[in-house]
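This report concerns only the one structure given below.
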Amino acid sequence: MHQAFVCDTGYCKCLLHLREPQAVPFFTSLMSQKKAASDRMEKIVSLCKRRGFVFQSSEIYGGLNGCWDYGPLGVELRRNLKEFWWRRMVRERDDIVGLDGSILMNRQVWVASGHETTFSDPMVDCRNCKSRLRADQLPEKNGQKQCPVCGSFDLTEPRAFNLMFKTFVGATEDDSAVTYLRPETAQSIFVQFRNVLEVSRKKLPFGIAQIGKAFRNEINPRNFIFRSREFEQMELEYFCFPNQGPELLEYWLKERLRFYADIGLSKDKLHVHEIPPEERSHYSKGTYDIEFEFPFGVQELEGVAYRTDYDLTQHQKTSGKPLEYFDEETKTHFIPHVVEPSAGVDRTLLALLCAAYDEETVTDEKGKSETRTVLRLHPRMAPIKCGVFPLLKNNEQLVRKAKEIVEMLRGDMSVFYDETGAIGRRYRRQDEAGTPFGITVDFDTIGENGPANRDTVTVRYRDSMEQKRLAIAEIPAFLREQIT
Ligand code: GAP
């Protein structure tokens, strides 16, 4: 917890001053690190509900384990994240095009990809409390696996549990009607490879990108939205000549790290874990996990994998349809290799929230202290870019000016108008929502204190709480520069 002693309304007479943070003992030093981490996670979950980022799915019926709904702020944050991914991966490049595949696909897709037979986790049952548990995530005591729920050692032998959600297409519920909710978006890219190649007329190397829902019947969904049963992926399949695979794996790792830096995840919270050959999928010639330091531990955010020609080969074999590429230079047909950066929307969103969450003590001019909760989201990601406040709600001129500013900005970005409560309270509400800028229309704006500051406003920075005056006409350019 940082200590900042400031009054940030700008509308009282106290001095702005910062006290040395080391002069105040850190609260966290009093607790074990684990306790502090779980408290921090609890506070983040509570803020997510309180401010409308994330709600439990079907909450009024007791919820549904592993499923979440995104509220008004959450949905904006998600859109900003997905749109920035799309911009970086597709719009800013000539070599990548998009796809939006269906969630339900022909069952043969999952036969060919191997998911029907091998997409499983090892599961055990606790004979004592009947919990279903992932065998590879059990705690051990004296070399014996233990049930984390009741502490019993009486567990069944591990057996494979397929993670795909099974469903039926059409009116009959027999084996011929079986299919699955897709457990990854990648397979529709592979099975549409031929069509996309033909219509886009791309030459190797080129990529197909997709953002969409995926479903896995996880044995133990946990850590809030980190591991859920319904989630969203942002995947790229980048097709190339076989000899380009190793180099492109390194290239995409770097590109993806650049992406995370550009959405505000600092380098020191990110780790790259190279998966050793014996732990990689049999078809992979190299895999990196990009990991993030969540409060509950260092965990995978994204996988970057060199999948060779495995997927296209499998689909060519199973469908009997050619999925080869014709290289005009060498006049040869071959199956392209592929490098796949595969990220999770929900996990990245959780990483953004965890990295952004901060608390600091602020003290006003009367010496009264309070905790300021602030989400230091990158302005690019922030759900609301700017709060607009008339200093008083019962002054028609102030209100009119503030509403004019809202109208001026609305077409370009998400803005929020708030006239209720003291100005300091309004700032605090936006701090918790992660809104990077606040614009206050005051008596200077309407010329009551002379012509010098007419048609200027106060711009308040969320992170430093500093304020400056800016002409209304300059606001759109000022904000655009920060948020794009
Ligand atoms: N096509 C490759 C693939 O799906 P994966 O490592 O199984 O690879 C890719 O998944 C990413 O999808 C993960 O890094 C993670 O961000 C996200 N993801 C996977 N399972 C998830 C789950 N149960 N809940 C939330 N996100 C998940």
Side-chain angles (χ1 to χ4, degrees), residues 54 57 64-68 70 78 81-82 85 99 101 103 105 109-110 112-115 118-121 134 137 161-165 180-191 207-239 249 252-253 256-257 259-260 263 265 270-273 275 279-284 286-292 294 296 298-308 310-312 314-315 338-354:
V54 186
S57 164
L64 180 65
N65 199 6
C67 299
W68 303 94
Y70 289 87
R78 263 176 103 76
L81 171 62
K82 290 193 283 181
W85 187 91
L99 182 75
I103 285 169
M105 299 169 78
V109 171
W110 309 111
S113 66
H115 282 82
T118 61
F119 192 60
S120 54
D121 278 339
R134 248 179 84 165
Q137 289 175 349
F161 172 76
N162 194 296
L163 299 182
M164 285 197 296
F165 280 98
Y180 305 94
L181 302 190
R182 67 179 177 196
E184 61 172 18
T185 64
Q187 294 306 321
S188 51
I189 296 180
F190 295 126
V191 302
I208 306 176
Q210 175 164 214
I211 300 179
K213 288 268 185 174
F215 304 81
R216 295 182 191 178
N217 199 1
E218 298 283 356
I219 298 167
N220 293 134
R222 59 180 174 167
N223 289 328
F224 194 31
I225 54 173
F226 177 81
R227 187 183 305 287
S228 41
R229 290 185 166 135
E230 175 175 343
F231 55 96
E232 206 162 2
Q233 291 185 314
M234 305 181 281
E235 295 200 295
L236 167 70
E237 305 304 324
Y238 197 76
F239 301 98
L249 177 66
W252 278 110
L253 173 65
R256 298 302 303 143
L257 290 170
F259 171 86
Y260 288 116
I263 60 171
L265 295 183
L270 290 169
H271 302 266
V272 176
H273 173 53
I275 309 293
E279 287 175 30
R280 292 200 296 253
S281 311
H282 62 93
Y283 49 78
S284 168
T287 302
Y288 292 111
D289 279 353
I290 300 176
E291 299 175 329
F292 179 77
F294 290 96
F296 44 85
V298 176
Q299 298 276 346
E300 178 189 332
L301 258 192
E302 162 161 0
V304 186
Y306 173 23
R307 296 174 72 120
T308 65
Y310 173 77
D311 301 272
L312 288 179
Q314 287 298 107
H315 287 301
V338 73
V339 174
E340 175 199 67
S342 170
V345 173
D346 312 76
R347 276 188 198 181
T348 311
L349 192 137
L350 183 58
L352 288 171
L353 289 168
C354 291

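Numbers here are sequence positions counted from 1. As the structure lists them, so they are numbered: ligands from 1, and atoms in each ligand from 1. These values consider heavy atoms only, across backbone and side chains, with no hydrogens, waters or symmetry-generated copies.
- In this structure, Arg78 pairs ionically with Glu232, as a charged nitrogen and a carboxylate oxygen lie closer than 4.0 Å.
- Using a cut-off of 4.0 Å between Lys/Arg side-chain N and Asp/Glu carboxylate O, Arg216 and Glu230 are scored as not salt-bridged.
- For Ser342, the side chain to side chain contact (heavy atoms under 4.5 Å, CB included) partners two or more places apart in sequence, or in a different chain, are Gln233, Glu235, Glu340.
- Listed by chain and residue number, Arg222 satisfy the side-chain hydrogen bond (donor to acceptor under 3.5 Å, both in side chains) test with Gln137 (two or more places apart in sequence, or in another chain).
- In this structure, His282 and Tyr310 have perpendicular ring planes: the angle between them is above 60°, well past the 30° mark.
- For Glu184, the side-chain hydrogen bond (donor to acceptor under 3.5 Å, both in side chains) partners are Gln187, not counting sequence neighbours.
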Output, or 'none' if empty, a list of ligand 1-protein atom pairs in which both atoms are N or O and the distance is under 3.5 Å, rounded to 0.1 Å.
unit_1, atom_1, unit_2, atom_2, d
ligand 1, 1 (N), Glu184, OE1, 2.7
ligand 1, 1 (N), Glu235, OE2, 2.5
ligand 1, 1 (N), Glu340, OE1, 3.4
ligand 1, 1 (N), Glu340, OE2, 2.9
ligand 1, 4 (O), Glu184, OE1, 3.4
ligand 1, 4 (O), Arg216, NH2, 3.0
ligand 1, 4 (O), Gln233, NE2, 3.0
ligand 1, 6 (O), Glu300, OE2, 3.3
ligand 1, 7 (O), Arg216, NH1, 2.8
ligand 1, 7 (O), Arg216, NH2, 3.0
ligand 1, 10 (O), Gln233, NE2, 3.4
ligand 1, 12 (O), Gln233, NE2, 3.2
ligand 1, 14 (O), Glu300, OE2, 2.6
ligand 1, 14 (O), Leu301, O, 3.3
ligand 1, 16 (O), Leu301, O, 2.8
ligand 1, 16 (O), Gly344, N, 3.0
ligand 1, 20 (N), Arg216, NH1, 3.3
ligand 1, 23 (N), Glu218, OE2, 2.8
ligand 1, 23 (N), Ser228, O, 2.8
ligand 1, 24 (N), Phe226, O, 3.4
ligand 1, 24 (N), Ser228, N, 3.0

